[in-house]
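Working notes for the structure below.
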Amino acid sequence: MARTLIQAPASARKGEVVELRVTIAHPMETGYRPGADGRVLPRDIIRRFSCRYNGEVVFSADLFPAIAANPYLSFHLLAGDSGTLEFEWQGDNGFAQVERRTLQVT
Amino acid sequence: AFAFNRAAFEAKSVADAVKAYGGGAPVESKDVTLTAPDIAENGAVVPMAVASTLPNLKHLLVMVEKNPNSLVAKFDVSDAVEANFSTRAKMGQTSDVYAVAITKDNKAFFTKKEVKVTLGGCGG
């Protein structure tokens, strides 16, 4: 499991726009860079990030080799109902990780 | 395990990438904003933010023209999020950075900004 850092508020008012910031530890090897032995290192990147809010995909992004190592994303979500936020990363070599946070809406 | 858009992945130019996501010829627009530094001392981590006030958005793309694959990220916009995203990108050399907004009726709007990358990573 890769280490993740998720900045999400625990509670929000209904209709409030909350900022969500996520990073995940990942080398994001581009596939263009030679390694110590002079051979090009194979590509190993995270291809897709998605965020589900109560089961519905509210935000997703396709990531390409030009994303810096330890991919950082921030986006703004409109708080609707209380529920879970599910963050999912998928990548090369079968990389997959899901993290969950609950959001209390008052 | 999951589908991805090969044409977009292999796109070398801005126009190709926009076409791969179904957008028409991109038009320069003030309703798309791109926030990036004028000078990036370290090309491995360049913060970039895109935002747009256009209605009916489908995708926001970030592209670095002179990278081997020009696409950096594609963000999908939904009604529950604001069209305001930020991330960090790699840049191989000084290049124009493009932010492209594609609307649901497949119109494309862009804005661009040149980011200078200092080689050597020591600010020289």
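Chain identifiers are assigned alphabetically (A, B, ...) following the order of the sequence lines, protein sequences preceding nucleic acid strands; residue numbering begins at 1 within each chain.
At distances below 3.5 Å, at least one donor-acceptor pair connects side-chain atoms of H76(A) with backbone N or O atoms of N84(B). The main-chain N or O of Y72(A) is found under 3.5 Å from a side-chain atom of T87(B) such that the two form a donor-acceptor pair.
Proximity to chain A (any heavy atom under 4.5 Å) is restricted, for A44(B), to the backbone atoms N, CA, C and O. For chain A, the nearby parts of V72(B) are the backbone and the side chain; heavy atoms of each come within less than 4.5 Å.
The distance from the CZ atom of F64(A) to the NZ atom of K74(B) is 7.0 Å, given to the nearest 0.5 Å. With values rounded to the nearest 0.5 angstrom, S78(B) atom OG is found 9.5 Å from L78(A) atom CG. Note that OH of Y32(A) is 9.0 Å distant from CG of N67(B), once rounded to the nearest 0.5 Å.
You'll find the ring centres of F85(B) and F59(A) inside the 6.0 Å limit.
Both F49(A) and I6(A) sit in one connected hydrophobic cluster of ILVMFWY residues. Membership requires side-chain heavy atoms under 4.5 Å apart, directly or through other members. When hydrophobic clusters are built by joining Ile, Leu, Val, Met, Phe, Trp and Tyr residues whose side-chain heavy atoms come closer than 4.5 Å, directly or via intermediates, V45(B) is not grouped with L63(A).
Using a 4.5 Å heavy-atom cutoff, the side chains of T30(A) and K90(B) are in contact.
Contacts with chain B (heavy atom to heavy atom, under 4.5 Å) involve these residues of residues 16-26 of chain A, listed by number: V17(A).
Highest contact tally toward chain B, considering only L73(A), I67(A), N70(A), L77(A), is held by I67(A) [criterion: heavy-atom pairs under 4.5 Å]. Heavy-atom pairs under 4.5 Å with chain B were tallied for A66(A), A79(A), S50(A), C51(A); the largest tally goes to A66(A).
For NZ of K19(B), the number of neighbouring non-hydrogen atoms (other residues, nucleotides, ligands) closer than 6.0 Å is 12 at most. Counted within 6.0 Å of NZ on K58(B), heavy atoms from surrounding residues, nucleotides or ligands total more than 12; the atom is thus considered enclosed. Around the CG atom of D79(B), the shell of radius 6.0 Å holds no more than 12 heavy atoms that belong to other residues, nucleotides or ligands.
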